[in-house]
Amino acid sequence: EVHRTVKVAHLKWWQRLFVFTGPAYLVSVGYMDPGNWATDLEGGARFGYRLLWVLLMSNAMAVLLQTLAARLGLVTGRDLAQACRDDYPPAVRYVLFILCEIAIAACDLAEVLGSAIALNLLAGIPLIWAVLITVGDVMLLLAIQRWGVRKLEAFIVTLIATIGACFLVEVFLSRPSVLGIASGLVPRPLSGAELYVAIGILGATVMPHNLYLHSALVQSRDVNRSRQAVAEACRFNLVDSAIAMNGAFLVNAAILIVAAATFHRHGVEVTQIPQAAEMLENLLGSRLAPIAFALALLCAGQSSTITGTLAGQITMEGFVSFRIRPWLRRLLTRTVAIAPAVVVISYAGEEGIYRLLILSQVILSLQLPFAVVPLVKFTNSRQKMGPFATPRPLQVLAWAVAGIIILLNAKLVYEQIGDWIAAAGQYGYLVAAAAVPLAAGLGLLLFWMILKRERPVSPLPTVSADAVAAAAETLKKRFKRIGVALEAKPTDSVMLAEAVALAKVHEAELVVMHVVDGVGGTWYGPQTGDQESRDDEQYLNSLAQRLAADLKSEGVKGVRAVLGYGNPAREIVKLARQAEIDFLVMGGHGHRGLTDWLYGQTIPGVRHGLKIPVLTVR
């Protein structure tokens, strides 16, 4: 809906820089959503500052990968999902689409839980009700989308600024150790619980659906297709990505630092986000701390909700060329996310929510290689990118990033399956029979994607010549029977005029139709003898006789009257088929909204029920 809607021509360089600023900020909110909070709080509370280097590494990966995603969209005119559709066979596309949908649902689950917790902290709303209230943010998204992409970007930047300001206050109040922060930036080996949380941080930071989203959002700028203009757009988007991603890193680092400086320092284990908010007040001695915490959490949940919906639309349209209304797409995704949230809250309470948040981020990380590998391959390809293919040193770095992500995930999967088998005891073989083939199959798919030779992006179809030829053939077609659905009212003259004109041109038979849809016609059909059906039958027959007399000398091959009873849409379809009509003329009243519910709609049912051309006149 926003493709090439933001103009960039005839502007000075600093104005163009400002115009290109925005897509990366929409993407960056996914890097500070409630799932990030859970992993950052867990990492800081359990391990102090020791996982700061994981955040820094994840952010560096994010800057590189998001820059590659933006370049792919700008240079090829394809987002990552469309590029996968061009390059992979249908079976692979559908697997990737399903994996992406799982990732988006996991992300949305984190947003549901985060927003619900924030509402609970700010207004005391019970968690179950707060989860259900989050369905209403569909309306918020629709309202914002109507403003256009620049207003949407401004709204998101406002939310990000609010989150940043809240955590600036938190860091100031917590007074962290500068030496601890410096030591936490030094890499160290990972295993066990540290590895699990580190994988969660990685999945929460480098989010797979954000790669699809960014490659589409950059195409909202109306960039000239010259080499110079595309190169400039790539440079501006690199600046946009670097600033936005580093801003997200500072927010995530602030969350981990606050958790380390308060909970880890006092030996407090955090098992719930609400518990963290309450303890902040006790440990820091300030009522401002939990309020800022909850407000930032609410902003994070709502901003991530918007970008998650956009990513869902992009992947659905890109992978499988299927488009549904944005509010319906949002509602379906949110419904899928609410179900596990309600179950976990009911049976496991707030601690279960916290664990579910961390698990959702691990799921995101496990899906990440299936987005990163095609992105790296496509942007490395001179066939697809031409002179904008990734330079050799950056190719090595990009593959190193992909390798790190794959190895960390492989290690996690191996350890996790081992834990499941051990926990299942004597039934461990059942767990192995289910989990091992699935993991092996996905591993083989990833290996195939790495080794597969890419093919160039096919040009956008140009069907103008074919369309003109097909139209010329259609013009030769002669309709044998022209149908017109009438209402037995003075307004019938509008439909009759169009139908008569067509019947004259094609020298066709004219079939005038009417449906008796009153109580008698609906219940008794042709057996009804009420006044309405008698009046309608007389009107239709007299009309047909008069038209036959008037049009006999003008090439029209007769006029026939056909009467139906009951539901107008179904009856018109049935009558048109029985009379073998080639072309149908109908009238529409232009109902909208509530009046459609009151009076009903006939045209959609007829249009979808017939395979012939249908002309609607007002």
Side-chain angles (χ1 to χ4, degrees), residues 20-28 30-31 57-88 96 100 103 202-203 205-221 223 227 230-246 248-249 307 311 314-315 318 364-365 367-406 446 449-450 452 454 456-457:
F20 278 105
T21 300
Y25 287 92
L26 263 70
V27 170
S28 72
Y31 293 78
M57 179 189 73
S58 300
N59 183 71
M61 290 180 177
V63 173
L64 174 61
L65 295 176
Q66 294 298 161
T67 301
L68 293 180
R71 287 173 66 87
L72 178 70
L74 286 167
V75 174
T76 67
R78 296 283 209 276
D79 59 56
L80 181 56
Q82 292 170 331
C84 289
R85 186 181 68 202
D86 290 337
D87 207 72
Y88 296 135
L96 294 179
C100 200
L202 180 63
T205 305
V206 189
M207 303 181 79
H209 62 273
N210 272 344
L211 301 176
Y212 299 102
L213 177 63
H214 201 176
S215 60
L217 287 176
V218 292
Q219 296 179 59
S220 61
R221 273 52 179 178
V223 178
R227 179 171 176 174
V230 172
E232 182 186 60
C234 289
R235 287 195 299 271
F236 285 148
N237 274 285
L238 172 61
V239 174
D240 187 36
S241 298
I243 295 174
M245 296 301 111
N246 283 302
F249 164 71
T307 56
I314 287 161
T315 54
L364 285 175
S365 182
Q367 200 271 327
L368 185 57
F370 296 93
V372 171
V373 166
L375 174 66
V376 173
K377 287 199 69 174
F378 295 158
T379 50
N380 287 351
S381 169
R382 291 196 68 86
Q383 288 180 311
K384 289 181 171 61
M385 301 287 289
F388 296 97
T390 307
R392 185 71 64 180
L394 278 182
Q395 287 187 26
V396 174
L397 184 58
W399 277 118
V401 167
I404 291 170
I405 292 171
I406 292 169
L446 190 62
M449 291 170 64
I450 293 172
K452 179 186 178 297
E454 70 273 10
V457 174

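Separation of atoms CD1 (Ile404) and CE (Met57) is listed at 6.0 Å; rounding is to 0.5 Å. Residue Leu446 holds its CG atom at 6.5 Å from CE of Met449, rounded to the nearest 0.5 Å. To the nearest 0.5 angstrom, Gln219 atom CD is 9.0 Å from Ile314 atom CD1. Distance check, rounded to the nearest 0.5 Å: CG of Leu68 to OG1 of Thr379 gives 4.5 Å. The CG atom of Asp240 lies 10.5 Å from the CG atom of Leu217; values are rounded to the nearest 0.5 Å. Here the NZ-CG distance, from Lys377 to Leu72, works out to 14.0 Å after rounding to the nearest 0.5 Å.
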Practice problem: Given side-chain contact (heavy atoms from CB on, under 4.5 Å), test Phe370 with Cys100 step by step and report yes or no. | Solution: CA-CA 9 Å; Phe370 296 93; Cys100 200; over 6 Å; no
Quiz prompt | Stepwise side-chain contact (heavy atoms from CB on, under 4.5 Å) check, Lys384 with Arg78 | solution = CA-CA 10 Å; Lys384 289 181 171 61; Arg78 296 283 209 276; over 6 Å; no
Exercise. Go through Arg71 and Leu74 one step at a time and tell me if the side-chain contact (heavy atoms from CB on, under 4.5 Å) criterion holds.
Key: CA-CA 5 Å; Arg71 287 173 66 87; Leu74 286 167; 5.8 Å; no
Practice problem: Before giving the answer on side-chain contact (heavy atoms from CB on, under 4.5 Å), spell out for Met245 and Phe249 the whole-Å C-alpha distance, their side-chain angles and the decisive distance to 0.1 Å. | Solution: CA-CA 6 Å; Met245 296 301 111; Phe249 164 71; over 6 Å; no
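Proximity of a side-chain donor or acceptor of Ser215 to a complementary backbone N or O of Tyr212 within less than 3.5 Å is detected. Counting only distance, with no hydrogens or angles, the side chain of Ser241 and the backbone of Asn237 share a donor-acceptor pair below 3.5 Å.
Residues Gln82 and Gly77 share a closest heavy-atom pair of OE1-O, 4.1 Å. The two atoms that bring Pro374 and Pro369 nearest to each other are CD-O, 4.2 Å, heavy atoms only. Contact record, Leu80 with Ala371: CD2-O, 3.7 Å, taken as the closest heavy-atom pair. The heavy-atom pair separating Arg382 from Ala389 by the smallest distance is CG-CB, 3.8 Å.
Among residues two or more places apart in sequence or in another chain, the side chain to side chain contact (heavy atoms under 4.5 Å, CB included) test is passed with Leu394 by Leu64, Thr390, Pro391, Leu397. With sequence neighbours excluded, the residues that form a side chain to side chain contact (heavy atoms under 4.5 Å, CB included) with Ala402 are Val372, Trp399. For Ala242, the side chain to side chain contact (heavy atoms under 4.5 Å, CB included) partners at least two apart in sequence or on another chain are Asn246. The side chain to side chain contact (heavy atoms under 4.5 Å, CB included) search around Val239 returns Leu17, Ile243, not counting sequence neighbours.
Using a 4.0 Å cut-off between charged side-chain N and carboxylate O, Asp87 and Lys452 make a salt bridge.
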